[in-house]
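A quick write-up on the structure given underneath.
As the structure lists them, so they are numbered: ligands from 1, and atoms in each ligand from 1. By convention here, the first residue in the shown sequence is residue 1.
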Amino acid sequence: MAKSILLLNGPNLNLLGTREPHLYGGTTLPQLISNAEKQASSLSIQLESLQSNHEGVLLDRIHESRGKIDVIVINPGALTHTSVALRDALLGVEIPFVEVHISNIHKREAFRHHSYLSGKAEAVICGLGVYGYEAAIDYAAKHIKLKEKAQ
Ligand SMILES: O=C(O)[C@@H]1C=C(O)[C@@H](O)[C@H](O)C1
């Protein structure tokens, strides 16, 4: 079965490009997804993606990924700081994940400094702008290839 990455973006990330560009930059979500698809393809890895403003939709997509997705790259948006359910879903399907934040959450309001996911992530990338997604996908691909070699 082809190796695959699921790229998840949480609430308000559909506004990328116009949302607080001093924090999140000018790249739109469609541009970001297109770049990610091209990068994954160059690494011979399938990429699926979903953005949702609804926690349950993200949870359902994670559940559906069990046994089908090799690594999840997720920017949970504000759910980072609030959602035990999202942490439980990721742990529940036993799929390794990489956490991405466009901004440096540790340089922002105190309520953004805590993540319910970071303690279980393979890696946490924040503050690199949208390049963080490129780094995360590169890391995820390496994780997949290392796992293939070990088998
Ligand atoms: O930097 C980001 O990508 C994260 C995106 C959001 O929407 C915020 O709620 C997070 O606090 C930070």
* To do: Could you grab the distance from atom CG of Leu6 to atom CG of Leu47, nearest 0.5 Å is fine?
  =>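 Leu6 CG to Leu47 CG: 8.0 Å, rounded to 0.5 Å.
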* Atom pair NE2 (His81) and CZ (Arg108), whose distance is rounded to the nearest 0.5 Å -> 7.5 Å
Which N/O atoms of ligand 1 sit under 3.5 Å from a protein N/O, and at what distances?
unit_1, atom_1, unit_2, atom_2, d
ligand 1, 1 (O), Ile102, N, 3.2
ligand 1, 1 (O), Ser103, N, 2.8
ligand 1, 1 (O), Ser103, OG, 2.6
ligand 1, 3 (O), Asn75, ND2, 2.8
ligand 1, 3 (O), Ile102, N, 2.8
ligand 1, 7 (O), Arg19, NH1, 2.8
ligand 1, 7 (O), Arg19, NH2, 2.9
ligand 1, 9 (O), Ala78, N, 3.1
ligand 1, 9 (O), Arg112, NH1, 3.2
ligand 1, 11 (O), His81, NE2, 2.7
ligand 1, 11 (O), Arg112, NH1, 2.9

* Asked: So do the side chains of Ile102 and Leu23 get within less than 4.5 Å of each other, counting heavy atoms only?
  ->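 Sidechains of Leu23 and Ile102: no contact.
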* Looking only at atom types and distance, does a side-chain atom of Thr80 sit under 3.5 Å from a main-chain N or O of Leu117, one as donor and one as acceptor? -> no
* Asked: Which residue pairs satisfy the salt bridge (Lys or Arg N to Asp or Glu O under 4.0 Å) criterion with at least one member in residues 36-52, sequence neighbours excluded?
  -> Glu48-Arg61
* Using the six-membered ring of Tyr116, assess whether NZ or CZ of Arg87 lies under 6.0 Å from its centre and within 45 degrees of the ring axis. => no
